[in-house]
A.B. asks: 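For reference, the structure I am asking about is given below.
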Amino acid sequence: MMEILVLVDHVDNEIKKVTLELLTLARSLGSPAAVWAGPGWSEEARTKLAEYGADKVYVADDQAIADHVVAPTAELLAGLVADKAPAAVLIASTGEGKEIAGRLAIKTDSGVLTDAVGLGEGFVAEQPIFGGGVNVRSRVVKGTPIVTVRLNSTVPAAAPAAGAEERVSVALSESARSARVVERVKEEKGARPELAEAEIVVSGGRGVGSGENFAIIERLADSLGAAVGASRAATDEGWYPHQFQVGQTGKTVSPQLYIAVGISGAIQHRAGMQTAKTIVVINKDEKAPIFEIADFGVVGDLHTVTPQLTEEIIKRK
Ligand SMILES: Cc1cc2nc3c(=O)[nH]c(=O)nc-3n(C[C@H](O)[C@H](O)[C@H](O)COP(=O)(O)OP(=O)(O)OC[C@H]3O[C@@H](n4cnc5c(N)ncnc54)[C@H](O)[C@@H]3O)c2cc1C
């Protein structure tokens with residue numbers, strides 16, 4: 001079976017869930033080979049990657065990779081593409097992942113597809129385009145297919161494999177060293193899951209009415225173990241911080257469940273959430289465009305409906 005390289009997304013020695021999703025996806029198309037770039041490699045990491053189906057793990061446990069932004073990882077992957085001739089390379093569709101993918105495509109003279117939400121036979125990728133208004137299927141026709149896949153596009157499933165470790169090294173070029181990381185600042189983490197990675201997101205819009213009222217959204221989110229999001233109208237009003245904005249100019253989320261509360265469903269908002277598996281809407285206007293993409297909708301006042309929903313969820317726990 002042809003190897004499929006999966007770039008491991010890891011922070012502070014912790015493997016991000018999207019890596020397990022990519023391994024699960026890779027398994028359906030070939031033999032997954034994880035690629036660990038940077039310091040922090042451990043037996044624990046190997047065990048985790050093997051548990052999710054990595055037949056092999058290429059390890060470049062090199063501090064220099066972390067010291068020079070994204071270029072070294074692209075050089076490492078380009079070396080592996082040349083040496084191992086994989087069938088494809090899968091990378092998480094984060095800002096960093098997409099930059100690595102673009103650089104890798106240039107280095108290997110290959111085509112690249114970004115923001116895939118599915119990947120099938122022949123490496124045909126499904127991508128939402130035009131702000132999510134249209135879904136297209138595309139295939140790379142030159143070189144090694146390089147595909148970045150959105151977070152939460154696949155449900156990770158364990159399927160133990162060998163996880164055979166192979167050490168690899170990369171001789172960094174001068175240009176790869178031309179940008180250096182000078183400081184890392186840790187983002188304050190609350191108790192809620194990270195918005196872009198969350199399996200459930202509860203978002204509030206202008207209909208919420210005020211910053212104080214966002215407590216209604218937070219309570220519903222907490223009852224479900226969800227992340228909180230907001231429309232741009234809500235963040236522009238200062239009701240919720242900008243880093244929680246979902247949409248074209250905010251974060252893109254692809255959760256299993258997205259609950260939109262008091263959000264009308266403007267195209268720019270949809271662009272960031274419409275690949276959610278299930279969309280639930282609470283809105284008092286039955287003609288609100290968000291209902292067009294809802295799997296389940298409640299026409300009603302969010303101040304009445306949302307607390308009742310929260311109460312029911314808590315009761316059933
Ligand atoms: C270049 C550009 C980029 C943009 N990027 C983004 C982006 O990234 N993200 C984003 O969200 N927007 C973005 N926008 C803005 C977008 O066009 C909309 O203006 C915005 O999404 C509207 O937010 P909203 O749905 O919360 O507010 P509104 O459109 O005002 O909708 C509020 C909704 O709440 C409902 N409602 C009101 N009161 C209640 C109640 N008591 N109970 C239940 N329902 C109630 C109303 O019926 C209405 O449907 C962008 C716009 C531009 C031009």
Side-chain angles (χ1 to χ4, degrees), residues 93-95 98 114-115 117 127-135 148 150-153 187 192-198 200-221 223-224 226-255 257-313:
S93 226
T94 56
K98 283 188 266 191
T114 57
D115 283 330
V117 291
Q127 296 162 290
I129 61 161
F130 298 141
V134 177
N135 265 2
T148 75
R150 276 195 187 170
L151 283 60
N152 289 321
S153 297
E187 195 181 2
R192 297 192 185 99
E194 213 275 308
L195 179 56
E197 289 184 358
I200 306 177
V201 175
V202 181
S203 283
R206 202 195 308 272
V208 174
S210 70
E212 293 75 59
N213 286 350
F214 253 80
I216 299 171
I217 306 297
E218 291 185 329
R219 274 201 288 276
L220 175 56
S223 73
L224 291 161
V228 174
S231 73
R232 179 155 155 187
T235 58
D236 280 354
E237 290 282 357
W239 297 345
Y240 221 67
H242 276 286
Q243 76 253 34
F244 296 100
Q245 183 186 311
V246 171
Q248 189 181 312
T249 43
K251 294 235 165 89
T252 299
V253 299
S254 215
L257 172 63
Y258 187 88
I259 307 182
V261 184
I263 293 175
S264 62
I267 185 79
Q268 296 90 351
H269 185 80
R270 292 186 193 199
M273 47 64 73
Q274 67 180 1
T275 54
K277 291 279 182 302
T278 302
I279 298 171
V280 172
V281 167
I282 301 171
N283 195 303
K284 69 177 184 187
D285 175 10
E286 64 180 51
K287 295 204 170 65
I290 190 91
F291 282 115
E292 290 163 14
I293 55 166
D295 295 288
F296 184 85
V298 180
V299 179
D301 187 331
L302 68 91
H303 300 284
T304 315
V305 177
T306 316
Q308 284 180 14
L309 175 58
T310 307
E311 220 171 281
E312 276 305 314
I313 291 165

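All heavy atoms count here, side chains included; hydrogens, waters and symmetry mates do not. In what follows, residues are counted from 1 in the order of the sequence shown. Note that ligands are numbered from 1 as they come in the structure, with each ligand's atoms numbered from 1 the same way. As the structure is a computational prediction, the values presented were derived from the model and not from experiment.
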A.B. asks: Answer whether the closest heavy-atom distance between the side chains of H269 and V246 falls below 4.5 Å.
C.D. replies: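 Side chain of H269 against side chain of V246, heavy atoms only: contact under 4.5 Å found.
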A.B. asks: Between R150 and S93, is there a donor-acceptor pair closer than 3.5 Å when you use the side chain of the first and the backbone of the second?
C.D. replies: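 Side chain of R150 to backbone of S93, a donor-acceptor pair under 3.5 Å: no, none is there.
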A.B. asks: At a 4.0 angstrom heavy-atom cut-off, what protein residues surround ligand 1?
C.D. replies: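 Residues within 4.0 Å of ligand 1: G205, R206, G207, S231, R232, A233, Q245, V246, G247, Q248, T249, G250, G262, I263, S264, A266, Q268, H269, N283, K284, D285, A288, G300, D301, L302, H303.
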A.B. asks: Is it the case that atom CD in E286 sees more than 12 heavy atoms from other parts of the structure closer than 6.0 Å?
C.D. replies: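 12 or below, so no.
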A.B. asks: Are side-chain heavy atoms of K98 and D115 found at a separation under 4.5 Å?
C.D. replies: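 Yes, side chains in contact.
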A.B. asks: Would you indicate whether the side-chain heavy atoms of V208 and I216 approach each other to under 4.5 Å?
C.D. replies: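 Side-chain contact under 4.5 Å: no.
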A.B. asks: In terms of side-chain heavy atoms, does S254 have a donor or acceptor partner in T275 at a distance below 3.5 Å?
C.D. replies: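 Yes, because at least one side-chain N or O of S254 sits under 3.5 Å from a partner of the opposite role on T275.
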